[in-house]
Every structure is written in C-alpha cells, then in structure tokens.
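These notes are about the structure you will find just below.
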Amino acid sequence: MPSPHGRPLPFSSRTSPPVSRRGLLLTGASAATATALALAATPARAAHGPRRPFGRYGSPAYRLTPGTLYVHPGGAGDFTTVQAAVTAATGTGRVLVLAPGTYRETVSVGADRTGMTWIGASPDARDTVIVHNNAAGTPKPDGSGPHGTSGSATATVRPDGFTARRITFANDWLRTDLPGTSGTQAVALKVQGDRSAFTHCRFLGHQDTLYADSPSPDTFARQYFSHCYAEGDVDFVFGRATAVFEHCHFRTLIRPDLTGAPHGFVFAPSTAGANPHGYLVTRSTVSSEAPDGYYKLARPWVPSSDTTARPMLTVRDTHLGPGIDAVAPYTAMAAGHPWQDQRFAEYRNTGPGAVVTVPENRPRLTRAQAAAHTPETYLGDWHPRPAAR
C-alpha cells in the first residue's frame, strides 16, 4: 500500500529511550520495557527453549502422527528452519511443530501443501517468532529489482486449509534501513488460501503488516483470525480476502516523524466488487500508542489491477480507543474512489473512537442489516470457530 506522504518514514519507537522491534526480537524486552508494555500483547521476543522443546506435542522420537515434522533452531528437531520443513512436507494434511525460538528467514508455502498446520510448541506466541527484514524497496539478491510489496513478506502462505496456532509473524525492517526509498511496505504475513485459520497468533510490522488476500479477484478466499494481535501504522491489515477477525486486538504505533494527524490507517480492504463479503471485525479492540484522534479506522484500496473493486469493512461490537479519529474515521486512498462509494459500516461499537459526532461520517447498520454481518454468514459452510477455541 502506498505511503500517505510519498517519502520514507522512520521507525517508530515504543518506549523512551527508543527500543527498536529488531532489538526486542533479538535480545528480549528489559524489565523496564516489559513494565511499560503491560498489555497482553507485548513486543515479540523468543525465550530460551524449555527442557522439552516441543512440550506436549511429542518429538522426533515420539511423533504425534507419522506426518508430523519438528522444527528446532538448535538442532533438536527434524529441521532447523521452517522453510526446510515446509519443503519436506509434501502431500496434504502435514503438521509442523515449531519449538520456541527466533527463526530469521523467509518462508514460502506452495498451494499444493493443502491442509497444513503449524503449531507453536509454547503456549505463548511471543516465544515462537518467524521474522525477516525485507521491504518493498529492498533490492533482490539477484539484482533484478526491488522485492515489491508481496515479495517483502516474511511468510507467504498459499494453500487452502492452512492453520497456524500460537506463532508470531514479524517483519522488523526499519524505515531507516533504506534512506530515501518510497518502498516502505514490509509484510509480516501474506495469506491467500481459502479456509485459512489463525488462532492466538501475532503479526508485527509497520506498513502493510498483515496481507489477508486471495489468489485473484474472482477467488473468494475465506480466512478466520481468532484471539490474534496485529500492530502497525499504515494500512497494516489489508487485502481482498473474506476475513473474519474475532476477539482480536489491533494496535496503532507512534509516528515520531509526523507532527500532526493522521499517523496512519488500520484497515485497507480491497474486496472484489463481486464478493458479497469483505472484512468483518467483531468483538475486538483497537488501541493506540499515538495521540488521541491520530489514526483513521480505514481507507479503501482500489488497486490498479482491479479498478472494479468495492472495498468492504464491517466493524461491530468492538471497542475503539481514543486513537481513532471519531469525527472522520474514514478517508480516501486515491482520487476517484471516495470511501463513501465503498462498503464501510459499523454496528454497536464502544469507546471514545466510536462516538458519533458527525453522523454522515459513520455509516451504521440497522439491527436487521447487522444480522447479515456475522462470522457464520461470512464463512458460509466452513465452521472453524469451535475447533479454534
């Protein structure tokens, strides 16, 4: 997604003195930092592995199933990298158990790995971190040009039926890594498959953190995120998937390079015009490190590759903190595609960011209309919710 100002944006600190996400990933948060970040969703860190690195999920000597593979950065599993395990996990329905640790790599999962499951062996997603630091403007090693937004992803997941539990996906690229570049998009996870479910996972980045997408405008991929955490600043949840976010926490970051609003945008859906269901956010929370009113809730993304897109976002039964601009929570991304022409709506939200001061700026559903905006209606004949709990 484009930078709102067309120039590189410095990395935003979370504490004073500044502590970069990269440093937190590699060294862990100090006691002072941990106290300052006393939210349930704190910065990523990988703890030292337990004496039983795979916990209750078996081991190479005692596999859960013959198709289960074990990943351990220190060599106690079948593989030391996630990508090596993915490459070896041919066929369908394979399970990867990831021991606690930091896996600094990019991972690409082909569409033929259907029904694959990744399990973080620790009960805390902060202990199992997959992280890399490419951005859209980062040059490819082969000299063929920059990575681009999709190519910046730490993890790219294409198969149908993919599941991940208790894993952190992060992109710790800093805007100061490439001074002068406008390619500041840096994706932590790009997911394209239908029936993709993420529970108790975390997605860390700045611009374009979580790319909830589909393979093409005429493919309506359904995705479900439950009890997840995502943070960023510019369009950090975006794409054209039919995606349900339930019991999730979205946190907006400080932008010390900017002196005024807006600092960024939480959602940037690009729903295909023919798709009746876009993004649904329900029973969730939006909080912020930034000053009150410095973030927009959403802006519509109508990409040049699909100018018939009609971005769709429904936010309901969700707490919107003071970081959201309650007067004008939506804005346009590009001329010719005003947000008022898209499919944005709210229902029964609470919090300072949900206060209706200018009614025409807050499209709201009636009770009858809201009955069509539920996880069940968006997900259809796919029922991931009971298994996700």
Problem set entry | S144/D142 under side chain to side chain donor-acceptor pair (under 3.5 Å): CA gap, chis, key distance, verdict | CA-CA 6 Å; S144 61; D142 62 7; 2.6 Å; yes
Problem set entry | side chain to side chain contact (heavy atoms under 4.5 Å, CB included) between F236 and T252, worked out | CA-CA 9 Å; F236 65 93; T252 62; 3.9 Å; yes
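Under the 30°/60° scheme for interplanar angles, the aromatic rings of W301 and F238 are found to be tilted. Between Y229 and H249, the angle of the ring planes goes over 60°, which puts this pair in the perpendicular group of the 30/60° scheme. Ring geometry for F267 against F245 counts as tilted: the plane angle lies between 30° and 60°, on a 0 to 90° scale. The aromatic rings of H277 and Y378 are tilted relative to each other, their planes meeting at an angle between 30° and 60°.
Here the rule is side chain to side chain donor-acceptor pair (under 3.5 Å) with E346, and of R364, R362, R316 only R362 fits it.
Y330 is connected to V281 through a chain of hydrophobic side-chain contacts under 4.5 Å among Ile, Leu, Val, Met, Phe, Trp and Tyr, so both are in one cluster. If you chain together hydrophobic residues whose side chains sit under 4.5 Å apart, L204 and V191 never meet in one group. Both F225 and V157 belong to a common hydrophobic cluster when Ile, Leu, Val, Met, Phe, Trp and Tyr are linked at side-chain heavy-atom distances under 4.5 angstrom.
Closest non-hydrogen pair, Y279 versus R240, comes out as OH-N, 4.4 Å. C201 and R166 get closest at one heavy-atom pair: SG-N, 3.7 Å.
Contact of the P329 side chain with the F344 side chain is not registered, since no non-hydrogen atoms from C-beta on lie closer than 4.5 Å. A 4.5 Å side-chain heavy-atom check between V71 and W118 finds every atom pair outside the cut-off. Between N171 and T209, the closest side-chain pair of non-hydrogen atoms is not below 4.5 Å. Contact annotation: the side chain of F169 never approaches that of T154 to less than 4.5 Å [non-hydrogen atoms, C-beta and beyond]. Contact annotation: the side chain of P291 approaches that of H263 to within less than 4.5 Å [non-hydrogen atoms, C-beta and beyond].
Using a 4.0 Å cut-off between charged nitrogen and carboxylate oxygen, R283 and D317 do not count as a salt-bridge pair.
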